[in-house]
Novice: 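Here it is, the structure, as structure tokens.
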2 protein chains.
Amino acid sequence: MKRELSETCYLFFSTLSNPTRLAILELLRKGEKNVTEISNTLNQEQSMISHNLKPLERCGFIFSERKKRKRYYSLNRETVEPIFKIFTYHSEKYCPEKGKCLTTEHLRKRRYKEATNPMYLSHQ
Amino acid sequence: MKRELSETCYLFFSTLSNPTRLAILELLRKGEKNVTEISNTLNQEQSMISHNLKPLERCGFIFSERKKRKRYYSLNRETVEPIFKIFTYHSEKYCPEKGKCLTTEHLRKRRYKEATNPMYLSHQ
DNA sequence: TATTCATATGAATGAATTATCATATATTTA
DNA sequence: TAAATATATGATAATTCATTCATATGAATA
């Protein structure tokens, strides 16, 4: 089906429908990181990280700023946090049997004040 | 990249990252519709509509109920409306030059109050 | 300015997703 | 129960997307 009808809408959600990009967003919730740091933390090729940072920035999910040689990426918390908040609410209420999104773990942590280890590193 | 790390999260957003499915959600905002009605309104193959309804229902974005021969699908307004509300807010603030999502048209009315006091945050 | 470090880009391969067509199943009515 | 109606399913073709590798660009430092 043609996608012009809701180009922006489609772009918005398709940018979020990728494990690498979700992992990047999750990582940036901890604070800004440069490309090499993201690459090392997620254990993925630097070029692959760069390729994935581009759509995230284009959609306004992240911002970037160069500092000396490095370019630091940071989360657009204003809208990204609410997006995941709704996702968390939705998935807990309507998809309770499904596995948990790690992104929800962090939100859950706040609620119940219990620390779990960040398993988003355990992929690859 | 493996996707186990956030299976539900990935599923959630990938289900929304499809023009046909977005059009279905948009249509269902007007009220419940059966498969044939959706198919006719969107001018798409019936089987294609059925194929796309499945992931939407599986993710809890829509519900269905059989009435006589027909199966009526309805929107899960509780979470879908807030999702699009955030999308609208985000895209108007961070992607202003891009085309508008049709979904945003309906929400635009209420937009100005919520820009200062975003009620979509009330989910948690 | 030559070198090193950091990031970005492009092309091509491979992987995943989607639409299509044919057909199957399910429900109602004659 | 046969026919008509409504929806679902499966296999394949078509399309879109992601990853990789090689390399280019850009910024800082020696």
Side-chain angles (χ1 to χ4, degrees), chain A residues 1-25 27-28 32-59 61-74 123-124, chain B residues 1-25 27-28 32-59 61-74:
Chain A
M1 195 179 188
K2 289 285 178 51
R3 73 173 63 148
E4 357 96 22
L5 91 154
S6 50
E7 191 67 50
T8 307
C9 198
Y10 172 77
L11 203 66
F12 181 91
F13 291 114
S14 62
T15 297
L16 293 175
S17 78
N18 173 290
T20 304
R21 294 194 285 273
L22 288 173
I24 291 173
L25 292 180
L27 179 59
L28 293 183
E32 63 172 24
K33 299 254 181 304
N34 65 52
V35 180
T36 304
E37 286 171 335
I38 297 170
S39 171
N40 289 337
T41 308
L42 300 183
N43 235 304
Q44 300 294 137
E45 285 273 345
Q46 174 268 313
S47 71
M48 188 233 203
I49 296 301
S50 281
H51 276 304
N52 279 291
L53 286 166
K54 193 156 56 167
L56 284 173
E57 186 171 25
R58 184 166 63 125
C59 276
F61 294 124
I62 60 177
F63 309 118
S64 80
E65 186 192 359
R66 187 177 273 283
K67 290 177 181 174
K68 300 237 175 186
R69 276 175 174 166
K70 300 172 182 173
R71 178 171 289 275
Y72 282 83
Y73 285 87
S74 61
H123 70 275
Q124 130 235 290
Chain B
M1 197 176 191
K2 288 284 178 53
R3 74 173 62 150
E4 0 98 21
L5 89 154
S6 49
E7 191 68 48
T8 306
C9 196
Y10 173 78
L11 202 66
F12 181 91
F13 290 115
S14 63
T15 298
L16 294 175
S17 78
N18 174 287
T20 304
R21 293 194 287 273
L22 287 173
I24 291 173
L25 293 180
L27 179 60
L28 293 182
E32 63 172 22
K33 299 253 180 306
N34 65 52
V35 180
T36 304
E37 286 171 335
I38 297 170
S39 172
N40 290 337
T41 307
L42 299 183
N43 235 303
Q44 301 293 139
E45 285 274 344
Q46 173 270 312
S47 71
M48 188 233 202
I49 297 300
S50 280
H51 276 303
N52 278 291
L53 285 167
K54 195 155 55 166
L56 283 172
E57 186 170 24
R58 184 167 62 126
C59 275
F61 294 124
I62 61 177
F63 308 119
S64 81
E65 186 193 0
R66 185 177 274 283
K67 291 177 180 175
K68 300 235 174 185
R69 276 174 176 166
K70 301 172 183 176
R71 179 171 289 274
Y72 282 84
Y73 286 88
S74 60

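If you're wondering where the values come from, they're calculated on a predicted model, not measured in any experiment. No hydrogens, no waters, no symmetry mates; every other heavy atom, side chains included, goes into these values.
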Novice: Would you please name every residue forming a side chain to side chain contact (heavy atoms under 4.5 Å, CB included) with B:S47, sequence neighbours left out?
Specialist: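 Per chain and number, B:S47 pairs via side chain to side chain contact (heavy atoms under 4.5 Å, CB included) with B:E45.
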Novice: Send over the distance from B:I24 CD1 to C:dT18 P, rounded to a whole Å.
Specialist: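 Interatomic distance, CD1 of B:I24 to P of C:dT18: 12 Å.
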Novice: Which of these nucleotides, D:dT7, C:dT17, C:dA8, is closest to any side-chain atom of B:Y10?
Specialist: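 So the side chain of B:Y10 is nearest to C:dT17.
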Novice: When rounded to the nearest 0.5 angstrom, what is the spacing between CG in A:L25 and CG in A:L16?
Specialist: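 Answer rounded to 0.5 Å: 6.5 Å.
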Novice: Take atom CG of A:L16 and atom P of D:dC17, then tell me their distance rounded to the nearest Å.
Specialist: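 So the two atoms are 14 Å apart, to the nearest Å.
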Novice: What residues form a side chain to side chain donor-acceptor pair (under 3.5 Å) with B:S17, not counting sequence neighbours?
Specialist: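 Expected list: A:S17.
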Novice: Could I get the full list of side chain to side chain donor-acceptor pair (under 3.5 Å) partners for A:E65, not counting sequence neighbours?
Specialist: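 Checked A:E65 against side chain to side chain donor-acceptor pair (under 3.5 Å); zero matches.
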Novice: Within the sub-3.5 Å range, which N or O atoms of nucleotides 10-15 of chain C have a protein N or O partner, and how far apart are they?
Specialist:
unit_1, atom_1, unit_2, atom_2, d
C:dG10, O6, A:H51, NE2, 2.6

Novice: In whole angstrom, what separates A:I49's CD1 from C:dA6's P?
Specialist: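 It is 16 Å, rounded to the nearest whole Å.
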Novice: What closest approach, in Å, do B:K68 and B:R66 show between heavy atoms, and which atom pair accounts for it?
Specialist: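 That closest heavy-atom pairing would be O-CG, 3.3 Å.
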Novice: Using a 4.0 Å cut-off on protein heavy atoms (strictly under), produce a 5'-to-3' string for nucleotides 23-30 of chain C with B for base contact, S for backbone-only sugar-phosphate contact, and - for none.
Specialist: ----BBS-
Novice: Can you name the ring-ring contact (aromatic ring centres under 6.0 Å, His included) partners of B:F13, sequence neighbours left out?
Specialist: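 Per chain and number, B:F13 pairs via ring-ring contact (aromatic ring centres under 6.0 Å, His included) with A:F84.
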Novice: Considering residues at least two apart in sequence or located in another chain, which fulfil the salt bridge (charged side-chain N to carboxylate O under 4.0 Å, His left out) criterion with A:K67?
Specialist: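 A:K67: salt bridge (charged side-chain N to carboxylate O under 4.0 Å, His left out) contacts with A:E32.
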Novice: Touch check for B:T36, heavy atoms < 4.0 angstrom, all strands: base, sugar-phosphate only, or nothing?
Specialist: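 The answer is sugar-phosphate, as B:T36 gets under 4.0 Å only of primed atoms, P, OP1 or OP2.
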Novice: In terms of side-chain heavy atoms of B:E45, which of C:dT7, C:dT20, C:dT18 is nearest?
Specialist: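 Nearest to the side-chain atoms of B:E45, counting from C-beta on, is C:dT20.
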Novice: Taking salt bridge (charged side-chain N to carboxylate O under 4.0 Å, His left out) as the test, write out the residues that go with A:E57, two or more places apart.
Specialist: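 Once residues adjacent in sequence are excluded, A:E57 has no partner under the salt bridge (charged side-chain N to carboxylate O under 4.0 Å, His left out) criterion.
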Novice: Closer than 4.0 Å, any side-chain N/O of B:T20 to the OP1 or OP2 of C:dA19?
Specialist: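 True: B:T20 side-chain N/O within range (under 4.0 Å) of C:dA19 OP1/OP2.
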Novice: With sequence neighbours excluded, what pairs up with B:Y72 under the side chain to side chain donor-acceptor pair (under 3.5 Å) test?
Specialist: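 Testing B:Y72 for side chain to side chain donor-acceptor pair (under 3.5 Å), a comparison that skips the adjacent residues, returns B:N34.
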Novice: Is B:N52 near enough to C:dA19 that one of its side-chain N or O atoms lies under 4.0 angstrom from OP1 or OP2?
Specialist: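 Yes, because at least one side-chain N or O of B:N52 sits under 4.0 Å from OP1 or OP2 of C:dA19.
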Novice: Report yes if a side-chain nitrogen or oxygen of B:Y72 is closer than 4.0 Å to either non-bridging phosphate oxygen (OP1 or OP2) of D:dT7; otherwise report no.
Specialist: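 No, B:Y72 has no side-chain N/O under 4.0 Å of OP1/OP2 on D:dT7.
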Novice: Whole angstroms only, please: what is the OH-P distance between B:Y73 and D:dT7?
Specialist: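 To the nearest whole Å, that distance equals 8 Å.
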